[in-house]
There are 2 protein chains.
Amino acid sequence: MSANSRLTIAAHALAWIGLYQRQGHEVATSEQIATSANTNPVVIRRLLGELRRAGLVESRRGVGAGWSLARELESMTLLDVYEAVEPGPLFAMHRTTPDQGCVVGHGIQPAMQSIYEGIEGTLRRELARVTLENVLRDVLAASR
Amino acid sequence: MSANSRLTIAAHALAWIGLYQRQGHEVATSEQIATSANTNPVVIRRLLGELRRAGLVESRRGVGAGWSLARELESMTLLDVYEAVEPGPLFAMHRTTPDQGCVVGHGIQPAMQSIYEGIEGTLRRELARVTLENVLRDVLAASR
DNA sequence: GGCTGTTGCAACCTTCACTGTTACGACTGT
DNA sequence: ACAGTCGTAACAGTGAAGGTTGCAACAGCC
């Protein structure tokens with residue numbers, strides 16, 4: 001499994017914006033978030049752009065521009081973030097269609113498809129149980 | 001999530017070997033399995049090699065060589081296969097360590113780590129609930 | 001109206017994992 | 001000795017993701 005870090009970085013960005021706003025600031029810049037996440041501002045802007053399309057954050061342009069939360073952290077779950085940044089399914093089928101003349105080749109895809117759907121449903125329910133507020137609380141707990 | 005098909009192909013191969021043995025054959029060749037899965041025999045040999053290291057299949061060399069199951073399909077779960085072919089974690093941390101001077105940068109990794117561990121545990125329990133016998137039954141059911 | 005700081009986005013490179021392919025040595029029953 | 005198959009190395013192709021640069025668009029401020 002080529003594990004990617006998009007969900008992690010997205011959660012990082014949201015937690016950062018949320019904390020920054022609680023400290024009284026209006027908006028956070030991709031530059032600031034990128035410094036905290038130790039990556040490039042464009043990477044953050046790309047990710048936040050996907051979160052904006054999902055309705056989780058808003059952006060402002062011009063002088064004093066930056067990013068702000070579109071909803072409270074309590075109302076965002078890791079599932080919202082996951083769906084915003086991870087389009088594809090967890091497990092993939094064969095890259096080329098198997099031999100349909102073979103019993104196994106013919107039946108394997110529907111069989112695995114239904115199994116995978118059940119597992120992905122469970123994964124989604126787990127992700128939906130964790131809010132970004134939970135994440136931020138854990139983050140702050142780790143620093144003490 | 002760059003979904004890969006390793007788990008699917010491995011399940012395909014095991015179901016194929018299992019069915020072939022039930023039809024009275026001793027061993028299956030990587031050539032036969034590759035034809036059914038519409039891929040290259042070397043790909044199958046590489047995958048089955050990992051399953052052999054996990055104790056799920058055995059191979060025989062020389063004339064009349066090939067692959068056979070090391071255990072009954074009932075006693076193999078998708079978790080066994082998953083662990084054999086997918087080494088890494090489901091979700092990754094940052095590629096570079098975040099800014100430890102920042103509260104979020106410092107706390108985000110332990111926070112996400114513990115969340116991810118819980119989710120991966122659930123995923124594993126789900127995978128452990130499906131045996132390869134279940135898979136083969138579903139495969140045969142789809143052909144009717 | 002011009003200046004400034006930031007987003008939005010395109011373009012490109014690098015890295016990485018996986019797949020596909022070729023080649024060939026190792027092994028073993030006949 | 002032969003033939004068939006595994007075991008494995010080596011390499012090319014593919015695609016996703018991250019990293020980087022560059023620049024137009026935008027909006028507040030002087």
Could you work out which one of [options] sits closest to the side chain of [X]?
| X | options | value |
| --- | --- | --- |
| A:A65 | C:dT7, C:dC18, D:dG4 | C:dT7 |
| B:V63 | C:dA11, C:dA23, C:dG29 | C:dG29 |
| B:R52 | D:dG7, C:dG8, C:dG5 | D:dG7 |
| A:R45 | D:dG18, C:dC18, C:dT7 | C:dT7 |
| A:R61 | D:dA9, D:dA27, D:dG18 | D:dA27 |
| B:W67 | D:dT5, D:dG7, D:dG28 | D:dG7 |
| A:R46 | D:dC6, D:dG19, C:dT21 | D:dG19 |

For side chain to side chain contact (heavy atoms under 4.5 Å, CB included), just list the numbers for B:I108 and A:V139, CA-CA rounded to whole Å, side-chain angles, deciding distance to a tenth of an Å, and then say yes or no. CA-CA 5 Å; B:I108 188 74; A:V139 165; 3.9 Å; yes
Find the distance [X]:[atom1] to [N]:[atom2] and express it as a whole number of Å.
| X | N | atom1 | atom2 | answer |
| --- | --- | --- | --- | --- |
| B:H94 | D:dG19 | NE2 | P | 11 Å |
| A:N38 | D:dG18 | CG | P | 14 Å |
| B:N4 | D:dA17 | CG | P | 12 Å |
| A:E50 | C:dC9 | CD | C1' | 13 Å |
| B:L7 | C:dA17 | CG | P | 19 Å |
| B:L48 | D:dT8 | CG | C1' | 15 Å |
| B:E31 | D:dG7 | CD | C1' | 16 Å |
| A:Q32 | C:dT7 | CD | C1' | 14 Å |

So, does [X] get its side chain near the phosphate of [N], meaning an N or O under 4.0 Å from OP1 or OP2?
| X | N | answer |
| --- | --- | --- |
| A:R6 | D:dG18 | yes |
| A:T39 | D:dG19 | yes |
| B:S5 | C:dT19 | yes |
| B:T29 | D:dT5 | no |
| B:S59 | D:dT5 | no |
| A:N40 | D:dG18 | no |

Less than 3.5 Å between a donor and an acceptor, one on the side chain of B:R95 and one on the base of D:dG19, is that the case here?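 In this structure, the two groups form no donor-acceptor pair.
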Base C:dG29 paired with B:R60 side chain (donor-acceptor, <3.5 Å):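 Between C:dG29 and B:R60, which were checked side chain against base, a qualifying N/O pair under 3.5 Å is absent.
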Basic-acidic side-chain contact under 4.0 Å: A:E133, A:R22: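 A salt bridge is present here (some side-chain N lies under 4.0 Å from a carboxylate O).
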Charged N to carboxylate O under 4.0 angstrom, A:E50 versus A:R53?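 No, this pair does not count.
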B:A28 vs B:T96, nearer the 5' end of DNA chain D by closest nucleotide: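 Upstream on the strand: B:A28.
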Given 3.5 Å as the limit, does a donor-acceptor pair link the side chain of A:N134 with the main chain of A:T131, or not?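 The answer is yes, because a donor-acceptor pair under 3.5 Å joins these two groups.
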Below 30° counts as parallel, above 60° as perpendicular, anything between as tilted: where do the rings of B:Y20 and B:H25 land?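 Rings of B:Y20 and B:H25: parallel, as their planes differ by under 30°.
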Should the ring pair B:H12 and A:H94 be called parallel, tilted or perpendicular, given that the plane angle runs from 0 to 90° and is split at 30 and 60?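 Correct class here is perpendicular.
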Touch check for B:G66, heavy atoms < 4.0 angstrom, all strands: base, sugar-phosphate only, or nothing?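 Sugar-phosphate: the residue B:G66, judged by heavy atoms under 4.0 Å, touches backbone atoms but no base.
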